[in-house]
Amino acid sequence: MAQCVTERLVASLSGVDAGYGTRQILHGIDFTVHRGQVVAIMGGSGSGKTTLLRLMTGQLRPWSGAVEVLGVRLEQASEAQRYALRRRIGMLFQFGALFTDLDVFENVAFPLREHTRLPEPLIRDLVLLKLEAVGLRGAARLRTSELSGGMARRVALARAIALDPELILYDEPFAGLDPISLATIGTLIRRLNDALGAASVVVTHDVVESLALVDYVYFVSRGRIVAHGTPDEIRNASDPYVRQFVRGEIDGPAPFHYPAPPLAEALMEGQ
Amino acid sequence: MIEAVARLGRATIDAVVQLGLAARFVIALLHHSGMTFRRLPLLIRDLYFAGVLSILIIVVSGAFVGLVLGLQGYDTLQRFGSETALGGVVALSLLRELGPVVAALLFASRAGSAMTAEIGLMKATEQLDAMDVMAVNPIARVIAPKFWAGVIAMPLLAAIFSAVGILGGWFIGVVVIGVDHGTFWSQMQNAVDFEEDVRNGVVKSLIFGVIVTWIAVFQGWSCTPTAEGVSRAITKTVVFGALAVLAADFVLTAFLFIGR
Ligand SMILES: Nc1ncnc2c1ncn2[C@@H]1O[C@H](COP(=O)(O)OP(=O)(O)O)[C@@H](O)[C@H]1O
Ligand SMILES: [Mg+2]
């Protein structure tokens with residue numbers, strides 16, 4: 001899959017700074033995804049991974065730099081343009097974000113009902129096909145409260161691909177899943193990407209699962225891309241931060257201790 | 001001392017900022033209200049939750065308020081030997097004040113809090129974000145129907161409250177105490193002016209409906225997206241809603257009934 005790099009560019013960020021209010025989160029981000037690729041963004045909690053996804057959906061505007069997704073320049077796009085673009089993007093939220101007042105079937109039907117005028121029998125067929133793709137056709141009439149974490153994630157995935165998106169974004173799709181559900185989601189991400197001829201961006205800190213799955217990896221630390229490469233390059237990387245992350249060591253460039261004055265000083269204060 | 005002043009200043013600035021955000025929010029809401037009226041099932045769903053589910057508490061409270069009005073009204077009126085005026089007193093109290101105000105207070109705590117909770121939970125579980133990313137504007141799809149449902153339901157609920165309250169006053173006055181049946185109703189008919197009393201009461205409850213529902217949807221929309229944030233927003237809806245209704249009632253009474 002990595003050979004597809006010369007193919008069509010789906011999303012690119014170049015020299016992007018971004019943040020919330022006056023607080024800068026991302027610094028000089030350069031990032032590209034091509035059609036057919038599954039790209040992982042790895043990094044610790046709070047390093048700005050979700051923020052990066054929000055730039056690609058146009059939920060957040062960059063302070064500077066260029067964000068181009070599916071040919072749309074997002075830093076200057078109007079609300080109508082952003083909404084038009086989002087119909088071509090599917091996103092899986094961290095805990096699924098299924099609509100709690102709708103059942104499984106209606107959740108998957110939601111984008112179809114909102115954006116198309118298809119007759120009811122056709123909507124039904126499409127929804128069942130999408131549910132079949134994630135192995136949950138039999139669960140169509142369950143309520144969202146009856147789903148396990150892994151099933152909810154799969155329903156959300158079926159909803160995300162309801163309109164056959166060209167770009168699929170995953171925010172921590174593996175978080176909190178048992179090993180079987182985790183492997184299922186991993187396989188689905190790869191399979192759906194290839195079946196739809198789409199591009200996928202997977203935000204994760206699950207190293208083993210994602211290195212086996214993806215074509216390319218970006219490492220983010222404190223709002224900067226500190227390393228990137230193919231899974232093989234990442235496994236053999238010499239960068240200390242990447243090594244710490246890949247091997248799961250607790251102390252290293254990413255410190256175990258929250259910044260604090262020396263312990264001795266703190267103990268003396270109590271006296 | 002300086003610190004207290006600084007804190008007061010900060011609180012004032014925060015309050016003004018919140019007001020500004022609420023104003024901007026309601027403008028966006030009005031701007032995106034088209035879908036509410038083009039897709040009636042959305043509006044009907046929220047009318048059911050805001051209106052129909054509030055009917056029970058409105059009827060029961062209206063009945064008790066009417067019963068008390070009957071007792072207190074009779075007790076006071078008979079001191080002046082004018083217990084025949086009971087029908088007018090009960091009806092005027094309900095139509096002009098108690099109906100709109102008490103119904104609005106009940107509405108804030110029953111329907112308003114439920115709206116805040118639903119919106120806040122959708123925000124905390126990223127359902128609103130998910131909708132936005134699916135290119136469906138959550139203000140148009142979720143917020144505006146709730147707002148309009150509240151605005152429509154409130155005058156109807158206040159009317160039900162007043163009607164049930166009048167029956168309660170009638171029950172105490174006529175059935176229990178023995179005021180003349182015909183006098184009770186004819187007195188009421190004489191005392192109540194359609195323009196001055198009924199219409200102004202409806203205007204009041206319409207405005208209360210706007211205020212309470214606006215507060216409810218704004219608190220849900222702007223809450224901190226955590227369990228704690230949602231529960232704090234619900235409290236704010238009930239407290240701010242009640243205060244705003246009582247303050248607005250004073251202003252409206254001054255303008256609608258007295259200041260002419
Ligand atoms: N809506 C927001 N408003 C303000 N700050 C935010 C918001 N969302 C995230 N942040 C902050 O931005 C930083 C990066 O967040 P995020 O992109 O969610 O990190 P990650 O997904 O890598 O855990 C965090 O410090 C977080 O507190
Ligand atoms: Mg995140």
Side-chain angles (χ1 to χ4, degrees), chain A residues 21 50-51 53-60 69 72 77 79-102 106-117 144-145 152-153 155-157 159-163 165 167-172 175, chain B residues 13-14 17 20-21 24 27-29 31-32 34-36 38-50 53 114-146 149 220-222 224-227 230:
Chain A
T50 300
T51 308
L53 291 186
R54 292 168 69 88
L55 284 167
M56 284 188 249
T57 57
Q59 289 168 283
L60 190 69
V69 178
V72 179
E79 178 168 325
Q81 284 174 311
R82 274 182 284 135
Y83 271 135
L85 171 67
R86 285 177 195 170
R87 293 184 191 203
R88 303 162 63 197
I89 300 178
M91 176 148 176
L92 182 68
F93 282 80
Q94 190 159 350
F95 295 103
L98 293 175
F99 300 126
T100 35
D101 59 333
L102 303 178
E106 287 301 322
N107 261 286
V108 181
F110 184 89
L112 297 165
R113 292 198 198 287
E114 294 294 322
H115 292 310
T116 69
R117 296 200 171 279
T144 54
S145 55
R153 218 70 65 88
V155 173
L157 186 47
R159 183 179 69 178
I161 57 166
L163 293 171
L167 172 65
I168 315 176
L169 308 174
Y170 298 86
D171 196 356
E172 314 226 353
Chain B
I13 291 172
D14 282 350
V17 168
L21 290 176
R24 220 168 60 176
I27 290 169
L29 191 164
H31 181 72
H32 289 293
M35 187 194 280
T36 305
R38 260 179 286 118
R39 290 173 53 179
L40 289 180
L42 292 179
L43 181 62
I44 289 169
R45 172 192 179 274
D46 285 319
L47 268 174
Y48 174 78
F49 282 109
L53 294 185
M115 276 184 200
T116 307
E118 191 184 344
I119 298 169
L121 279 172
M122 288 187 79
K123 180 174 181 183
T125 53
E126 293 187 307
Q127 292 178 50
L128 295 179
D129 275 333
M131 203 177 270
D132 201 30
V133 170
M134 283 188 265
V136 176
N137 188 322
I139 292 190
R141 181 66 170 64
V142 176
I143 308 292
K146 292 198 194 317
W221 179 260
S222 61
T224 315
T226 59
V230 175

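Predicted model, so just to flag it, every value in this text is computed and none were measured. Residue numbering restarts at 1 for every chain, and letters A, B, ... go by the order of the sequence lines. What you see below is based on every heavy atom in this structure, not just the backbone, and it leaves out hydrogens, waters and symmetry mates.
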Results of salt bridge (charged side-chain N to carboxylate O under 4.0 Å, His left out) for Lys146(B) - residues two or more places apart only: Asp46(B), Glu118(B)
Solution key, residues 84-100 of chain A side-chain donor-acceptor pairs under 3.5 Å, sequence neighbours excluded:
from: Arg86(A); atom 1: NE; to: Thr57(A); atom 2: O; distance (Å): 2.8
from: Arg86(A); atom 1: NH1; to: Asp132(B); atom 2: O; distance (Å): 2.9
from: Arg86(A); atom 1: NH1; to: Asp132(B); atom 2: OD1; distance (Å): 3.2
from: Arg86(A); atom 1: NH1; to: Asp132(B); atom 2: OD2; distance (Å): 3.4
from: Arg86(A); atom 1: NH2; to: Thr57(A); atom 2: O; distance (Å): 3.4
from: Arg86(A); atom 1: NH2; to: Gly58(A); atom 2: O; distance (Å): 3.2
from: Arg87(A); atom 1: NE; to: His115(A); atom 2: ND1; distance (Å): 3.4
from: Arg88(A); atom 1: NE; to: Glu166(A); atom 2: OE2; distance (Å): 2.9
from: Arg88(A); atom 1: NH2; to: Glu166(A); atom 2: OE1; distance (Å): 3.2
from: Thr100(A); atom 1: OG1; to: Gln127(B); atom 2: NE2; distance (Å): 3.2

Residue, of Asn137(B), Leu121(B), Leu128(B), that accumulates the most heavy atom pairs under 4.5 Å with chain A: Asn137(B)
Among Arg82(A), Arg159(A), Glu79(A), residue most engaged with chain B (heavy-atom pairs, under 4.5 Å): Arg159(A)
Between Arg54(A), Gln59(A), Glu114(A), the one whose heavy-atom pairs under 4.5 Å with chain B are most numerous: Glu114(A)
Leu163(A) side, atom CG; Met134(B) side, atom CE - distance, nearest 0.5 Å: 9.5 Å
Closest non-hydrogen atom pair between Val136(B) and Phe110(A), with its separation: CG2-CE2, 3.9 Å
